[in-house]
2 protein chains.
Amino acid sequence: MNAPAYRRVAAELRAAIERGDYPEGSVLPKLEEIAQSYSIAKQTAREAVAELEQEGLVEPVRRRGTVVRPAPVRQRLVRARQVFRDERGYYFDPAAQPWVALEPPAVSWGPAPRDIAPLLGVHPGEEVLIRDRLMGDPNTRRPTQLATSYLPAHLARGTRLAEADTGPGGIYDLLELQMGHGPLEWFEALGARMPSPREAERLALPRGVPLLRVVRTATNPAGTVLEVNDTRMSGEAFEFGYPITRHPSAASQQ
Amino acid sequence: MNAPAYRRVAAELRAAIERGDYPEGSVLPKLEEIAQSYSIAKQTAREAVAELEQEGLVEPVRRRGTVVRPAPVRQRLVRARQVFRDERGYYFDPAAQPWVALEPPAVSWGPAPRDIAPLLGVHPGEEVLIRDRLMGDPNTRRPTQLATSYLPAHLARGTRLAEADTGPGGIYDLLELQMGHGPLEWFEALGARMPSPREAERLALPRGVPLLRVVRTATNPAGTVLEVNDTRMSGEAFEFGYPITRHPSAASQQ
DNA sequence: CAGTGGTCTAGACCACAAC
DNA sequence: TTGTGGTCTAGACCACTGA
């Protein structure tokens with residue numbers, strides 16, 4: 001039951017923050033002061049602060065101190081679980097989102113990631129087409145989402161799917177209208193995981209912020225998976241919201 | 001551009017794991033060996049390993065070594081976005097889940113958490129009823145979900161809502177059938193965040209595993225929020241899946 | 001019960017950004 | 001410019017657990 005010193009100190013700091021002793025935006029005592037007041041080494045104080053950092057509670061800023069992070073305000077995304085269409089092609093969010101590609105799509109051939117391969121129906125490490133896009137706010141240029149599409153090589157090799165510009169309608173229109181693989185069907189899975197350092201860097205995520213992740217598979221009518229889209233975004237900036245309707249079994253009991 | 005030593009070592013170890021040099025379940029070289037082979041201090045080697053631990057890639061086990069964690073296999077939950085009903089009351093997952101309460105519900109009065117209070121329509125820190133349940137597998141007794149309900153004090157004080165046993169149908173039937181607040185309406189928001197140490201301990205989460213979170217609000221017909229339910233589960237053990245249907249605007253283009 | 005990771009220290013120097 | 005967090009070391013001892 002004897003917690004290590006850095007954990008006890010972390011617990012005290014956490015309690016102080018939650019009590020309001022250190023409001024959002026304020027700074028904790030500096031590491032040396034923490035070390036002195038708890039009679040521990042500076043390194044140990046830093047481990048305590050790192051604990052809070054991992055929880056997303058504080059963010060150390062050089063030359064300034066350990067800043068208490070504001071309570072996250074999450075932008076609510078709507079997944080109507082329907083696919084819509086306009087002149088630009090399919091989209092999956094009924095509230096048309098204003099994000100744009102911050103960079104031209106990075107198109108490359110590479111090994112299928114371990115978690116994507118089984119969905120795509122290929123062996124892990126097998127070469128696939130990778131279309132990587134960084135989406136963000138058109139005004140602030142701040143990145144919001146990392147969207148990566150994976151397509152089997154035998155399907156995409158030598159086609160316009162492997163070009164940077166897939167034209168209006170994107171890969172789904174290519175697959176459906178020009179390659180005869182439609183009508184497409186889609187399935188989405190929503191989950192969370194920690195970012196890799198590269199993902200954290202590209203999305204400018206501080207430590208202690210997980211990814212929210214939507215993995216969408218596009219299938220032809222025979223059930224063959226044609227594409228897997230892996231979209232990652234800050235778990236602190238976004239959430240998915242939806243109303244609940246009543247099934248007939250749950251008719252009002254009034 | 002000069003990354004610190006622990007990051008460079010972490011990157012090399014990560015690459016080695018992804019290359020397959022250390023398969024799932026195998027152990028990395030021990031800290032002293034890592035330290036020697038990269039000519040760094042043991043503490044620095046440990047920081048490198050901690051980096052991988054935060055990503056959920058490895059889990060240090062005493063006396064054994066740093067074990068490479070298996071790729072997560074996520075149990076897919078279905079949220080039909082409909083509420084169903086059987087003789088036991090309302091439930092929100094059409095695939096009736098086999099989880100049971102591992103402990104009697106912990107019912108207490110306490111301050112409304114900062115992120116719950118605005119949803120509940122009370123001031124942060126204002127006293128509310130807190131009903132805390134730990135759900136888990138009935139056979140293995142392993143915890144799977146942490147479900148906490150918050151109810152405004154003025155609503156719950158002195159009622160059966162504040163008792164451990166709310167009877168068949170639970171609080172929703174009490175609110176609807178006996179207290180006349182129905183018919184209830186619900187809204188869910190799905191998100192992710194890092195666990196607190198207490199949450200991590202109760203769900204037996206290793207570091208580097210975020211929470212998947214469903215926050216459900218129950219509202220009366222006037223729009224007053226009667227209850228907020230905050231359900232947290234391992235982001236590594238669960239995901240939410242759903243098929244996509246076509247909106248009329250997206251009629252098949254074949 | 002021994003060997004692994006876990007914790008802790010004192011001290012040094014680095015590097016970045018706010019002042 | 002300089003003060004803050006960031007990194008790193010050498011060494012010591014602890015504590016848990018699986019061989």
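In what follows, every chain begins at residue 1, and chains take the letters A, B, ... in the order their sequences are listed.
Sequence neighbours left out, the pairs with a member in residues 110-125 of chain B that pass side-chain hydrogen bond (donor to acceptor under 3.5 Å, both in side chains) are B:Asp115-B:Arg213.
In this structure, B:Arg131 fails the cation-pi test against B:Tyr150, since its NZ or CZ atom is not both closer than 6.0 Å to the six-membered ring centre and inside 45 degrees of the ring normal.
B:Glu18 places no side-chain N or O within 3.5 Å of a backbone atom of B:Ala15 that could act as its donor or acceptor partner.
Between the side chains of B:Thr148 and B:Asp230, no donor N or O sits under 3.5 Å from an acceptor N or O.
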Generate the contact string for nucleotides 5-15 of chain C. Rules: B means base contact, S means sugar-phosphate contact only, - means no protein heavy atom under 4.0 Å. BBBBB-----B

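In this structure, A:Glu127 places its CD atom where more than 12 heavy-atom neighbours from other residues, nucleotides or ligands lie under 6.0 Å away.
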